[in-house]
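Note that the structure is a prediction, hence the values are computed from the model and not measured.
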Amino acid sequence: MAFPLPRPQAPQLPQHLIRTIDCQQGAVRAVRFNADGNYLLSCGSDKSLKLWSVSRGTLLKTYSGHGYEVLDADSSYDNSLICSCSSDKTVILWDVATGQVTRKLRGHAGKVNCVQFNEEATVMLSGSIDGTVRCWDTRSRRYEPIQVLDEARDSISSIKVAQHELLTGCVDGRVRRYDLRMGQLHVDFISSPITCVCFSQDGQCTLSSSLDSTVRLLDKSTGEMLGEYTGHKMKGYKLDCCLSNKDTHVLSCSEDGHVYCWDLVEGSLTLKLPVGKAVVQSLSFHPTETRLLTAMEGRVQVWEAEPEVIEEEGMAT
């Protein structure tokens with residue numbers, strides 16, 4: 001007699017607040033996991049960048065060198081380098097261990113909204129309000145970019161790199177995907193200014209959020225719309241969206257103090273995570289585990305699927 005197989009468990013979502021970190025760096029503009037998810041970076045309006053332990057919530061290092069608020073940051077795959085960008089029009093390459101500025105790159109004509117390493121951290125890519133993406137060689141001493149992508153007609157709000165592809169979101173309402181190996185540019189038009197873009201984990205789709213309070217999932221190769229996710233509020237702020245680590249759910253910040261989480265396939269709202277009373281400015285999903293970071297005002301919240309178990313010490317006899 002054959003028994004029916006047990007139903008697969010529904011993927012869990014990070015809905016338990018494990019800790020809140022008071023960053024003490026003004027408003028936190030962006031929060032990012034590092035490559036392995038053990039550390040987080042917080043970008044402050046007080047011109048500082050801070051590195052924290054996720055498990056303990058302790059401050060490990062403060063990086064000071066920007067002249068204005070820090071807007072985005074990324075860490076290299078081996079955790080030896082950090083890149084950050086700022087309203088001061090610069091991109092900085094940091095040595096993680098010493099906290100020293102390795103390179104300070106000027107070239108953008110306005111504030112730099114987003115920055116990311118390529119996979120090997122040999123190139124930094126930065127997107128600016130000046131409508132350009134600049135590619136910087138991290139290993140040479142040159143202070144000019146190795147390439148400038150200037151197809152955008154407005155501010156670049158978000159960039160993501162995956163292998164030989166570069167994805168950019170722009171206020172002109174276009175998602176541009178550059179195939180750097182083939183030298184091709186693919187453009188998808190979304191009628192509203194774009195705040196954030198990312199690739200799905202399997203590399204088949206792109207996700208973009210825009211100021212019409214909609215997150216859209218597109219087929220990467222055809223541009224076909226696979227899903228639309230609504231219910232949150234995104235009208236006037238540059239807020240993040242992302243996919244969960246297994247591509248099961250779509251997540252977005254919202255101006256109403258929540259993170260909205262939808263089932264990727266069904267499009268239904270699975271979780272409305274109450275973060276606080278203000279705008280959820282930024283979020284970051286752990287690369288391999290069910291763990292989420294959110295940023296609101298001057299604090300970062302760490303969320304997990306299970307509540308934290310506090311081990312009680314045995315009583316001394």
Side-chain angles (χ1 to χ4, degrees), residues 30 32-37 39 41 43 49 51 63 65-66 70-86 88-152 155-170 174-187 196-201 203 206 220 240 242 284 287:
R32 302 284 179 252
F33 271 115
N34 74 322
D36 59 20
Y39 306 101
L41 294 161
C43 304
L49 174 69
L51 177 69
Y63 302 87
H66 280 295
V70 184
L71 297 178
D72 196 11
D74 190 27
S75 71
S76 62
Y77 65 100
D78 63 356
N79 297 325
S80 67
L81 298 169
I82 292 172
C83 59
S84 63
C85 62
S86 164
D88 66 5
K89 309 180 190 176
T90 68
V91 177
I92 291 183
L93 182 66
W94 306 87
D95 181 283
V96 169
T98 65
Q100 297 301 306
V101 174
T102 307
R103 309 271 299 287
K104 192 168 193 173
L105 299 161
R106 298 174 176 86
H108 283 294
K111 72 175 183 176
V112 188
N113 291 319
C114 45
V115 67
Q116 206 181 18
F117 284 116
N118 68 340
E119 226 163 339
E120 299 80 31
T122 53
V123 177
M124 288 184 298
L125 299 106
S126 56
S128 165
I129 199 169
D130 67 11
T132 67
V133 174
R134 290 172 191 259
C135 311
W136 314 88
D137 188 334
T138 59
R139 296 168 300 179
S140 83
R141 302 306 302 170
R142 284 182 56 199
Y143 283 88
E144 297 80 40
I146 47 177
Q147 194 174 2
V148 178
L149 306 171
D150 57 2
E151 287 77 14
S155 173
I156 303 286
S157 58
S158 177
I159 55 176
K160 290 293 183 295
V161 189
Q163 294 167 331
H164 59 279
E165 290 185 311
L166 168 66
L167 193 67
T168 69
C170 181
R174 286 168 175 80
V175 176
R176 292 176 175 83
R177 180 170 59 88
Y178 297 85
D179 188 321
L180 302 172
R181 195 181 290 163
M182 304 294 287
Q184 293 174 332
L185 170 61
H186 307 269
V187 182
C196 184
V197 292
C198 58
F199 289 105
S200 57
Q201 308 292 340
T206 65
K220 191 179 78 176
D240 291 339
C242 71
S284 182

Worked check of side chain to side chain contact (heavy atoms under 4.5 Å, CB included) between V187 and V175:
CA-CA 6 Å; V187 182; V175 176; over 6 Å; no
For S284 and F33, indicate whether the former's side chain and the latter's backbone hold a donor-acceptor pair under 3.5 Å.
yes
Quick check against the 3.5 Å criterion: does Y143 have a side-chain atom that pairs as donor or acceptor with the backbone of G107?
no
Quick one: do L71 and C43 satisfy side chain to side chain contact (heavy atoms under 4.5 Å, CB included)? Show the steps, please.
CA-CA 6 Å; L71 297 178; C43 304; over 6 Å; no
Close side-chain approach of V133 to S126, heavy-atom, < 4.5 Å
no
Looking at every heavy atom in both S157 and C196, which two are closest together, and how far apart are they?
OG-N, 4.4 Å
Value for OG (S75) from CD (Q116), rounded to nearest 0.5 Å, stands at 10.0 Å
Say whether Y178 and E151, considering side chains only, have a donor N or O and an acceptor N or O under 3.5 Å apart.
yes
Here the pair of heavy atoms bringing K160 nearest to C198 is CG-CA, 3.7 Å
Using modelled atom types and a 3.5 Å cut-off, is there a donor and acceptor pairing between side-chain atoms of Q184 and backbone atoms of D179?
no
Main-chain N/O of Q100 paired to T98 side chain as donor or acceptor, under 3.5 Å:
yes
Nearest 0.5 angstrom please: S76 OG to M124 CE, how far?
11.0 Å
Matching residue for T90 among K111, R103, H66, R106 - test: side chain to side chain donor-acceptor pair (under 3.5 Å)
H66
Taking atom CG of L125 and atom CH2 of W136, what is their separation to the nearest 0.5 Å?
11.0 Å
Tell me whether the count of non-hydrogen atoms from other residues, nucleotides or ligands lying under 6.0 Å of OH in Y39 goes above 12.
no
Residues E165 and K220 bridged, charged N to O under 4.0 Å:
yes
Tell me yes or no: between the side chains of R134 and T132, is some donor less than 3.5 Å from an acceptor?
yes
When you measure from the side chain of D74 to the backbone of F117, do you find a donor-acceptor pair of N or O atoms at a distance under 3.5 Å?
yes
Validation row: L149, L166 side chains within 4.5 angstrom (heavy atoms)
yes
Mind running side chain to side chain contact (heavy atoms under 4.5 Å, CB included) on Q147 and V123 for me, showing each step along the way?
CA-CA 10 Å; Q147 194 174 2; V123 177; over 6 Å; no
Can you measure from CD1 (I146) to CG (D137) and round to the nearest 0.5 angstrom?
5.0 Å
Could you measure the distance from the CG atom of D72 to the CG atom of N113? Nearest 0.5 Å is fine.
8.5 Å
Closest non-hydrogen atom pair, V96 against L51:
CG1-CD2, 4.2 Å
Modelled atom types, side-chain donor and acceptor of W94 and T102, under 3.5 Å:
no
For the residue pair R177 and F199, what are the closest heavy atoms and their distance?
CD-CE2, 4.2 Å
Quick one, R176 with L167, criterion side chain to side chain contact (heavy atoms under 4.5 Å, CB included). Give me CA distance, side-chain angles, the key distance, then yes/no.
CA-CA 6 Å; R176 292 176 175 83; L167 193 67; over 6 Å; no
List the atom of A35, the atom of P287, and the distance in Å for their closest heavy-atom pair.
O-CG, 3.4 Å
Nearest heavy atoms of S155 and I129, plus distance in Å
OG-CA, 3.3 Å
Between the SG atom in C83 and the CD1 atom in I92, the distance rounded to the nearest 0.5 Å is 11.0 Å
Under 3.5 Å, is there a donor-acceptor pair between the side chain of D130 and the main chain of A109?
yes
Backbone of T206 reached by a side-chain donor or acceptor of S200 within 3.5 Å
no
